[in-house]
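Quick caveat: nothing in here was measured; it's all calculated off a predicted structure. Every chain is numbered from 1 and lettered A, B, ... according to where its sequence line falls, protein lines coming before strand lines. Just the heavy atoms: all of them, side chains too, but no hydrogens, waters or symmetry mates, feed the values below.
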Amino acid sequence: MQIRWPRCRALTYDAGMGLPNESNTDDLTLSQRQAVEHKEGPLLILAGPGSGKTRVITRRIARLVDSGVDPREILAITFTNKAAKEMASRVDRLLPGSRVWVSTFHRFCSRLLRMRGQAVGLQPNFSIFDTQDQRGVIKRVLTGLNVDAVHYPPAKIGALISNAKNNLQTAEAYRRRFSESVGNHAQAVVAKAYPEYQKLLLVSNAVDFDDLLLHVVTMLAENPELRRQLDERYRYVLVDEYQDTNLAQYQIVNALSQDSQNLCVTGDPDQSIYGWRGAKIDNILRFEADYPQAAVVRLEENFRSTPQILETADNLISHNVYRKAKTLITDNADGDPVELRTLRDSQREAEMLAADIRDCVERGENKWSDFAVMYRVNALSREIERAFGRFRIPFQVAAGLAFYERAEVKDVLAHLRLIHNPHDQEAFLRIVNRPARGIGKTTLKRLTAWAAANGFSFLEAAAQAAEHPQLTKRAVNSLVAFAETMNELVQTQFDGVAELTEAVLARTGYAEQWRGSTGEQDLQRLANVEELLTATRQFDDQWGDESTLDAFLETTSLAGETDNLDDERGQVTLLTLHAAKGLEFPVVFIIALEQNLIPHERSLKGDDPRELEEERRLLFVGMTRAMRRLVLTRAHRRDVRGKSLISIPSPFLVEFSPQQVADADDAAFGWDRVENESQEVPDDESAEQFVETARPAVNEAGGRPMLTTAAELLNGTRRSVEMPVGFTVGMSVRHPRYGLGTVMSVDGFSKRRTVTVAFEDPDHQETFVADKCPLQPVGLSKGGG
DNA sequence: GGCCAGTGTCTTTTT
DNA sequence: GACACTGGCC
């Protein structure tokens, strides 16, 4: 996603001037200039939100090159692909054609391991296992160890292994430390499973995400000559978001910055939000101790947000004890106060957002892409998605199942993986019976045991299946045919990844299973496979002769969920608070400011106050994404795990003072009575009558009077927006499964309101609950999707 | 071996 | 509410 650069005096330059000369730093503030002009030696840039950090880094790179540094000696490392892409394109704008390497940690390590991985037992064509693959391996390990998978869920064991790896504990070290442990059963299981897991990865010639880093750490530690070479090769190392580095990443960065200590790290301890993934906020806090000659530059002027937003965020974050105090200042013009809106339930919360956004766009104040909706957990996006669908608001979601993780896409990719790396056991197991070829559990159990006993890869074993004494004829035929198909694909030369993928589909008949089907799901699957093909074609086009299967697979396995966000297309963006890091939007909504969500219940269970501080930082990150307007919401009632529960306001709300806005219904009924399920909720149309009697809402934040009601806010939009329950007889609607239809009748009230629709298909009539059905009005609004 | 329906179980955040 | 796993049936 493009990061919009705020308009501000210090940073503007005349369009007529063209690009600034990178040596000319007149357009920078004093501290920005200090950071840009610093050349040799370690440098710590403490950059508050919206302080022009990316701009400073890219300008600094440009300046280094301008002063004679070879671009190949510069390595810039980010956490996400999106950030890397953004930085690379900005560097390219300043230095067209220069080949500065901007990479994520994982990609950097992957490249290194492709070249030098033999040292840790990896062939250059190793596979990268994602979390699903990882779980598959662990499941097999646990079965082999006779460990009850119910009591020790593979995902939990996997998390423990991942934690260990993030703390640089190898399997051997872990085993030694915990194999005798009587106290903790899980650790004892991991002590056995972790070494086995690593063995299986090696047999598959594969690594998991953590291994990418850990193997590189091992390599650098065991091979001083290699470390020295790389240190010399990358004389200038820049690391973004240093506050989020874990121990492994810290070691890598340091190993590359011993002989030439031109290490520049940027970050903000207040934005450290990956502690759960092993990030050590201490890494940035102790930088000056690690590098005593370090220069320190603070970027504290904010060019992004209004003073109101900044002050609110600052009030919040100042409640953290474990931090380096920092001031946030801005010259930006005043804006509106930060609002807190309290709604009756999560559905209403979603509708309020939809109505608000639509209203702003229709008044011409904003474009769709100005808005972002942020939440703590992905599950919360559903309600918003549904409401936006009903209100016909175009949106994109940065979450849920990333494209490359959908089952059918993973299946096709598993074929490619197996072709690339025939030892990849997870890929084999995934596709050997997909589409169904009559190869079941029993057959596979025999085959894999046999392969392990004889040192075959699974694919080799399948090819030799006829030699196996116990396999049924039918199973043997299927296995041999499968192995032959794959082997032929391995041996054929293809011109590009797209051609190979097409051949895979043609030879395996994979897509045929849903061809000709009319089911919505099957069509979606076909479309996804088609989209994957498009991705391969784009990849071929982009890389030309350099387009290799290797590179394509690496891209797909390291692709992140926010990578595909697009701010050009004119859509509202829905994303988690974590995914929001590094982005900015004119208008930000943060929903569900409730106990157990923000802060998340997991952070409250343990008694570690630092976990709570991380939650506070997370909210801080979200708030400081907002440029002009920030709205926080909470609902009395929220559906969690299918149950509707009364919520408790987030304790953070008392730490700053948003302007309180309550939903009219709730004000009228009173908070104390919300629990009464039998209370019939009035229809939307009657909401206005409560406005006058509305009494101030519960004042979590210190007694501010309620100034506006949500009903008033909704009021102006009532006419232009079709409320979801507003189905009228004769209206045209669309149902995702049944297609177009006409509303025949509307019955019942409130939650029990039903709509009967006659579909185009003659004699087909269905009745739906208005609140829940996926019906969309058709042809009423000019805007939208 | 494949398919279906029913049941039990978990859900933070991500490369 | 979603998914993984189970058990029963063809």
Side-chain angles (χ1 to χ4, degrees), chain A residues 77-84 103-110 128-132 134-136 139 149-151 153-156 159 162 165-166 207-214 241 244-246 248-249 272-279 374-383 386 398-402 404-405 407 433-445 471-472 474-475 478 513 554-563 575-581 592 596-606 611 614-615 617-619 621-622 639-644 772:
Chain A
I77 303 180
T78 63
F79 272 79
T80 63
N81 295 304
K82 180 158 46 73
S103 172
T104 64
F105 269 108
H106 288 83
R107 204 169 284 262
F108 171 76
C109 291
S110 172
I128 299 172
F129 280 2
D130 67 8
T131 322
Q132 269 179 63
Q134 184 184 30
R135 250 185 45 211
K139 231 187 266 176
V150 178
H151 211 144
K156 276 228 174 81
S162 176
K165 286 181 175 180
N166 284 328
V207 298
D208 62 23
F209 289 134
D210 305 311
D211 278 342
L212 285 171
L213 306 172
L214 188 57
E241 310 281 11
D244 285 330
T245 48
N246 64 24
Q249 289 157 335
S272 164
I273 53 175
Y274 285 100
W276 54 275
R277 214 168 93 186
M374 301 175 188
Y375 33 81
R376 178 65 235 265
V377 298
N378 279 309
L380 290 175
S381 75
R382 294 192 155 277
E383 192 81 54
R386 273 199 292 263
L401 274 193
Y404 292 118
E405 282 176 15
N433 196 36
R434 211 165 306 175
R437 298 185 175 91
I439 301 168
K441 238 183 181 168
T442 326
T443 306
L444 280 178
K445 212 169 153 190
L471 294 177
T472 64
R474 189 182 134 154
S478 296
Q513 47 186 324
E554 183 183 277
T555 302
T556 58
S557 36
L558 297 180
E561 59 181 30
T562 52
D563 294 356
L575 75 181
T576 62
L577 289 165
H578 281 90
K581 192 177 71 168
N596 294 336
L597 280 166
I598 308 178
H600 192 270
E601 55 184 331
R602 285 277 280 257
S603 71
L604 300 166
K605 273 189 183 146
E611 284 190 46
E614 180 152 314
E615 297 290 310
R617 290 195 294 269
L618 188 55
L619 180 56
V621 166
D639 294 346
V640 52
R641 283 173 221 162
K643 284 255 166 289
S644 171
K772 303 233 162 128

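An OP1 or OP2 oxygen of B:dT14 is reached within less than 4.0 angstrom by a side-chain nitrogen or oxygen of A:Asn378. A close approach under 4.0 Å does occur between a side-chain nitrogen or oxygen of A:Asn433 and OP1 or OP2 of B:dG2.
Contact annotation: the side chain of A:Asp211 approaches that of A:Lys165 to within less than 4.5 Å [non-hydrogen atoms, C-beta and beyond].
Backbone-only contact: A:Thr443 has heavy atoms under 4.0 Å from sugar-phosphate atoms and none from a base. Within 4.0 Å of A:Ile439, counting heavy atoms only, lie sugar-phosphate atoms of the nucleic acid but no base atom. Among the protein residues, A:Asp130 comes within range of no part of the nucleic acid, since none of its heavy atoms lies under 4.0 Å from any strand. Counting any heavy atom pair closer than 4.0 Å across all strands shown, A:Ser557 reaches no nucleic acid atom.
Distance, A:Leu575 CG to B:dT13 C1': 12 Å, rounded to whole Å. As rounded to whole Å, 10 Å separates atom C1' of C:dG1 from atom CG of A:Asp639. Here B:dT11 presents its P atom at 7 Å from CZ of A:Arg602, a figure rounded to the nearest Å. When the P atom of B:dT15 is taken as reference, atom OH of A:Tyr274 falls 6 Å away, rounded to whole Å. Rounding to whole angstrom units, CG of residue A:Leu212 and P of B:dT15 are separated by 13 Å. Per the geometry, CZ belonging to A:Arg386 stands 8 Å off P belonging to C:dA2, to the nearest Å.
The side chain of A:Thr442 lies closest to B:dG1 when the candidates are B:dT15, B:dT13, B:dG1. In the set B:dG2, B:dG1, B:dT15, the nucleotide with an atom closest to the side chain of A:Thr80 is B:dT15. Out of B:dG2, B:dT14, B:dT15, the shortest distance to the side chain of A:Ala436 is found at B:dG2. Taking only side-chain atoms of A:Lys156, from C-beta outward, the nucleotide of C:dG1, B:dT11, B:dT15 with the closest atom is B:dT11.
Not a single donor-acceptor pair under 3.5 Å links the side chain of A:Asp210 to the backbone N or O of A:Asn166.
Look at A:Asp244 and A:Lys581 and you find a salt bridge, because one of the NZ, NE, NH1 or NH2 atoms lies within 4.0 Å of a carboxylate O, short of that distance.
Under a cut-off of 6.0 angstrom, the local environment of CZ in A:Arg437 is crowded, with over 12 non-hydrogen atoms contributed by other residues, nucleotides or ligands.
Using cut-offs of 30° and 60° for the angle between ring planes, the A:His578 and A:Tyr274 rings count as tilted.
Taking the C1' atom of each, C:dA4 and B:dT13 are spaced 23 Å apart, rounded to whole Å.
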Please tabulate, one pair per line, each protein N/O and nucleotide N/O from nucleotides 4-6 of chain C that are separated by under 3.5 Å, including the distance.
| residue | atom | partner | partner atom | Å |
| --- | --- | --- | --- | --- |
| C:dC5 | OP1 | A:Lys139 | NZ | 2.9 |

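Between A:Ala475 and A:His578, the one whose closest nucleotide on DNA chain B sits nearer the 5' end is A:Ala475.
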